[in-house]
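Below: the structure, in structure tokens.
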Amino acid sequence: MTSQEIRQSFLDFFASKDHKIVSSAPMVIKDDPTLMFTNAGMNQFKNIILGNDPIKYPRVANSQKCLRVSGKHNDLEEVGHDTYHHTMFEMLGNWSFGDYFKKEAIAWAWEYLTEVVKIDKDRLYVTIFEGAPEEGLERDEEAYEIWKQYVPENRIINGNKHDNFWEMGDTGPCGPCSEIHVDIRPDSERVKVDALELVNQDHPLVIEIWNNVFMQYNRKADGSLTTLPAKVIDTGMGFERLCMTLQDKTSNYDTDIFQPIIQEIGKISGKKYGEDEKVDITMRVIADHVRTIAFSIADGQLPSNAKAGYVIRRILRRAVRYGYTFLNMHEAFMCKLIDVLSEVMGDAYPELLAQKSLIEKVIKEEEEAFLRTLEHGIKLLDKNLSEMKAKGKTVLDGHVAFTLYDTFGFPLDLTELILRENGMTVDLDGFKIEMEQQKQRARNAAAMETTDWVVLKEGETRFVGYDSLETESELLRYRKVTQKNKSYYQLVFAETPFYAEMGGQVGDKGQIISGDETIDIFDTKNENNLTVHLANKLPKELDVHFVLTVNKELRKATIRNHSATHLMHEALREVLGMHVEQKGSYVSPESLRFDFSHFQKMTQEEIRQVERLTNQKIRENFPLDEFRNIPIAEAKEMGAMALFGEKYGETVRVVRFGSSTELCGGTHVQATGEIGMLRILSESSIAAGIRRIEAITGHAVEKMMDLQQDTLANVRELFNNTPDLTKAIQRSLDENAELRKQVESFMQKQISELKEKLLANAREENGVKVIRFQSDFAAETIKTLVFQINNTFSEQIKNVDSDSQSLMVVIGGLHEGKPSLTVLLSKDLVDKGYSAVNLVREGAKHIQGGGGGQPFFATAGGKNPAGLAQAIESIKLA
RNA sequence: GGGGGAUUAGCUCAUCUGGCUAGAGCGUUUGACUGGCAGUCAAAAGGUGACCGGUUCGAGUCCGGUAUUCUCCA
């Protein structure tokens, strides 16, 4: 069977058992603070399991793309070194939400594996939860009894809490699970060692392929467990492992999912898979990572230096680093793999094909940037190496290695490699200590504590903010959140006009009022589909009616920006072409930000055109045409633009202004005329193939225009209201440059003349030529004068057989009321042990100051102009 | 969200602990050698040292803030 056929057989099987087949959710998660990526098939059903969302279909199955690269499940460093770890993988799963439970789940899992894809029964082993007395949990006898009907008892293995009790997080639904393992060793091996001893022992050929989780408990913040009212079945089968098993391979990377990519890497690098262990590891790393990166970009997550984007960047860099070291790839190469990847997976995941050119560009740019980082790091390391060699050291300080890594992004293993080539090592312990401190700092900063929800009334929030900005409601639940010694409260109401941050639009601010108590709501967020109001204090009385009022001014400014974003999006497509697609959006009361795909800088003219077109749409005063609950298919028929990487429900909201039609949950103006006017402030690049526009609307445009007009008027006035301001300024600048040059050359001439005069009039004191002079030049000018005197004098004594070889110059300066002293000694005086620094300090006493410099040249400043003349005279060679 | 770094000539970067009128390589311009080009040699132009404020006799260098950017951790 091909991988394509295997995926389909799973979905067909569960469809035949009355399951609704749903599509894969995006890998990047947007509205859950506890999770950045989809790391299990159940993520998209989390809100159903938590009871925040209603159950639409009690039985569901799908194939979900997952990423395990951060947090609790982090396999990143394993990937490539063995044959079965991945960053991205596909998870085949079936779910029951309060419908069937252990009996059916086990029966169907067995049926699918043994009858549909026909895995040899003798090669299958199962585990069940052995119990955990310290938590008051008993052995999962129920699962044991069911399994007994299918599997010989000796192949049902007890598993501990770590392997066989599944928890979603620190709190929330959890329960025992039952794993199915398969032994795919050759018969010769199977005779020697019983697979029973190898289950869960990280043997590459005795592997878990399917985990069936029976969620029946809920863990609270204090660690205690309660029984879940609606029990949930959550299963996950590793698609890549299943393919390996069914295709008679011993490595996931030998299946038809990865081999085409590995072959292509071989072609590009000129190396062969299967000859050298290090090359093989590298090829597996690259084949795995390129999938992750490509799919992330397709889901709208670009590499960046923070959060989810940073994780993607790090994965890409890991691949580049391996390629750099073991395949000798010193220029971008991963971008060349997208062709073959599209061939392998494009059919199942069309987003890959649709976004192909963007993916290639982004990867290429990222690769090149990292290669530059590597080059920079190698330079820095070289510098350290030569210092170490000079000192005879052979161990690089841990903190140096850490700085290279932490500050300059230079990978530790490369540092080690380069040192090894030079017969040196790294102080790894020192490195680890620094790393631990860094992690501790970050942990402390991010530490967040939440109490359990205090539930006053069950229920869901009804959002009324599309139609009104004020409503009366009651509190459903609340909890306290503490972060960095600051705490605030999260409040959930039965009904609210507050818009929670979503789809780029910021959350509303406002107030809640009960009786004579008014509490400020400083932000509104969406958490696991609950609208959460953030307040600094808890109302005194909880079981009363509250009036919830949104800050009208801010909300109105926000909706102007949001609606304007839609109009501008359409205008961009009209001006630049249909390749323009939204890649990100941020809408606040102050301004709007819109990121979109486009491959070059917009010209001034294009920006103007977009502005004009948008403003024209604003003036048309299109009324808001809103469809709150229409099926997604119908919405698409209306021409609504759906975004890649967005998760849409069955029914969606469509917002239409004239011909601009978008899927959008945000709040908008009643008619476009309310926007007033749009002005683009900037257009810039944020990544390869992605541009960003920042713009303002309404009142903000007015304010900006006022400011600009005022500035212009002021400037014009400065130029006597000349009709051609640009020309006047240009002329003034030219004139300024010309005068500057003239003044400079005039000063040069002055200084030169003064120099000659001073040298000629120099007195002789004890065989030393001495120049004493007071001027009102600036310090910089005096410096020039003194150095010129010195230069000329050096020339003179070289050419002429002068009596005196020694020179001392003392200049007093009085510039802008501040006295200064400058002393210069010729080289021979310095050699004799005189120091200009000592002399100038001695003299500076008269002007109440201090100073310093070098032995041949020193300056000082002071506060007492009256003592200047005395100071000049006082300086004498002792 | 937190930590660390960077910002100096058109580009890539020096300038150790505050003080040798801020330097190098590449690039640009000019000149010389050559029939011309390539090349070599010589010279020149090019800097508000990101921005704002402070400490100091003196700040590119120290301190604080802002902006941009890189990087690590979560």
Side-chain angles (χ1 to χ4, degrees), chain A residues 33-36 69-72 74 303-311 313-314 317 366 369-370 372-377 379-380 383 387 399-412 431 434-448 483-484 486 682 684-687 736-737 740-741 744 747-748 751 777-791 812-816 818-825 827 830 835-837 840-841 843-865 868 871:
Chain A
T34 62
L35 210 55
M36 285 196 288
V69 288
S70 63
K72 195 171 120 194
N74 188 351
S304 75
N305 63 355
K307 301 195 175 170
Y310 180 61
V311 175
R313 171 169 286 177
R314 212 165 46 176
R317 292 185 166 194
E366 275 294 311
F370 184 54
R372 280 196 296 273
T373 301
L374 284 182
E375 214 177 297
H376 190 226
K379 255 196 223 170
L380 290 170
K383 217 172 174 180
E387 273 173 29
H399 86 261
V400 174
F402 185 74
T403 307
L404 274 168
Y405 172 71
D406 180 58
T407 302
F408 300 102
F410 196 70
L412 178 65
F431 181 90
E434 300 262 357
M435 188 74 180
E436 207 34 61
Q437 288 171 348
Q438 153 90 304
K439 284 188 177 174
Q440 201 54 48
R441 272 197 300 270
R443 259 199 292 271
N444 291 341
M448 189 169 89
Q483 193 168 18
K484 281 201 288 179
K486 275 186 202 161
S682 70
S684 58
S685 159
I686 55 161
N736 187 277
R740 227 183 163 127
K741 270 188 185 163
E744 214 166 282
M747 283 298 283
Q748 278 298 329
I751 287 170
F777 294 140
E780 209 47 33
T781 315
I782 294 177
K783 204 170 182 178
T784 311
L785 173 65
V786 170
F787 275 90
Q788 288 215 0
I789 292 173
N790 191 35
N791 290 344
L814 189 57
H815 188 67
E816 285 169 357
K818 278 182 137 182
S820 72
L821 270 181
T822 304
V823 174
L824 177 116
L825 298 178
K827 193 172 171 298
V830 176
S835 166
V837 177
V840 87
R841 284 198 179 137
K845 284 178 185 166
H846 297 282
I847 54 169
Q848 290 173 19
Q854 306 121 70
F856 87 102
F857 175 80
T859 55
K863 292 170 200 146
N864 178 24
L868 189 57

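Note that the structure is predicted; figures quoted are calculated from it, not measured. Every chain is numbered from 1, with letters handed out A, B, ... down the list of sequences.
A pairwise comparison of heavy atoms in A:L821 and A:G812 identifies CD2-CA, 4.2 Å as the closest pair. Taking each heavy atom of A:F857 and A:T822 in turn, the nearest pair found is CE1-CG2, 3.6 Å. The minimum heavy-atom distance between A:P865 and A:L814, with the atom names listed, is CB-CD1, 3.8 Å. Between A:I847 and A:A871, the closest heavy-atom pair is CG2-CB, 4.3 Å. For A:A836 against A:F856, the heavy-atom pair with the smallest separation is CB-C, 3.9 Å. For the residue pair A:L404 and A:G377, the shortest heavy atom distance occurs at CD2-O, 4.0 Å.
With rounding to whole Å, A:E366 atom CD is found 13 Å from B:U71 atom C1'. Look at CD on A:E375: it is 18 Å from P on B:C11, rounded to the nearest Å. The nearest whole Å value for the distance from the CZ atom in A:R372 to the P atom in B:U71 is 10 Å. Atom CD of A:E780 is separated from atom P of B:G19 by 14 Å (rounded to the nearest Å). Atom CZ of A:F856 is separated from atom C1' of B:U21 by 9 Å (rounded to the nearest Å). If you measure from atom CG of A:L404 to atom C1' of B:A6, you get 15 Å, rounded to the nearest angstrom. Counting to the nearest Å, the C1' atom of B:C72 and the CD atom of A:Q440 are 16 Å from each other. In this structure, A:F857 atom CZ and B:C57 atom P are separated by 17 Å, rounded to whole Å.
Checking B:C33 for Watson-Crick or G-U wobble geometry (two distances, each under 3.5 Å) identifies B:G39 as its partner. Pair assignment for B:U28 gives B:A44, based on Watson-Crick or G-U wobble hydrogen-bonding distances that are each under 3.5 Å. Remark: B:G18 base-pairs with no nucleotide in the shown strands. Criterion, Watson-Crick or G-U wobble with two distances under 3.5 Å. The nucleotide B:U69 finds its pairing partner in B:G5, both defining distances of the Watson-Crick or G-U wobble pair being shorter than 3.5 Å. Base pairing analysis places B:G64 opposite B:C52; the two distances defining the Watson-Crick or G-U wobble pair are each below 3.5 Å.
Residues A:T403 and A:F408 are in side-chain contact: their nearest non-hydrogen atoms beyond the backbone lie under 4.5 Å apart. Side-chain contact between A:Y405 and A:E434 is absent, with no heavy-atom pair separated by less than 4.5 Å.
Across all strands shown, A:G849 has no heavy atoms under 4.0 Å from either base or sugar-phosphate atoms. Residue contacts for A:N791: at a heavy-atom cut-off of 4.0 Å it reaches a base atom on one of the strands shown.
With distances taken from any side-chain atom of A:T407 to the nucleotides B:C73, B:G3, B:G4, the minimum falls on B:G4. Here B:U71 is the nucleotide among B:C72, B:C13, B:U71 with the atom lying nearest to any side-chain atom of A:R317. Residue A:Q438 has its side chain nearest to B:G2 when only B:U21, B:A74, B:G2 are considered. The listed nucleotides are B:U21, B:C73, B:G58; the one nearest the side chain of A:K818 is B:G58. Residue A:Y405 has its side chain nearest to B:C72 when only B:C72, B:G5, B:U71 are considered.
Distance noted for atom P between B:C33 and B:G25: 24 Å (whole Å). Nucleotides B:U7 and B:A50 have their C1' atoms positioned 6 Å apart, rounded to a whole Å. The separation of B:A14 from B:U30, taken at their P atoms, amounts to 32 Å, rounded to a whole angstrom. Separating the C1' atom of B:A24 from that of B:G19 is a span of 22 Å, rounded to the nearest Å. On the P atoms, B:C20 is 23 Å away from B:G10, given to the nearest whole Å. Using P as the reference atom, B:G64 and B:A22 are 27 Å apart when rounded to the nearest Å. Here the separation of B:G60 from B:G4, taken at their P atoms, is 25 Å to the nearest Å. Taking atom P in both B:C62 and B:U8, one finds a spacing of 16 Å when rounded to whole Å.
Phosphate proximity of B:C73 to A:R314: present, with a side-chain N or O under 4.0 Å from OP1 or OP2. For B:C72, one of the phosphate oxygens OP1 or OP2 lies less than 4.0 angstrom from a side-chain nitrogen or oxygen of A:Y310. For the OP1/OP2 pair of B:C20 and a distance below 4.0 Å, the side-chain nitrogens and oxygens of A:K783 include at least one atom meeting the criterion. For the pair A:K379 and B:U12, the criterion of a side-chain N or O lying under 4.0 Å from OP1 or OP2 is not met.
The 5' end of RNA chain B is approached more closely, in terms of each residue's nearest nucleotide, by A:S820 than by the other of A:D406 and A:S820. The nearest heavy atom of RNA chain B to A:R313 and to A:A860 marks one nucleotide each, and the one closer to the 5' end goes with A:A860.
Side-chain atoms of A:T859 come within donor-acceptor range of the base of B:G19, with a qualifying N/O pair under 3.5 Å.
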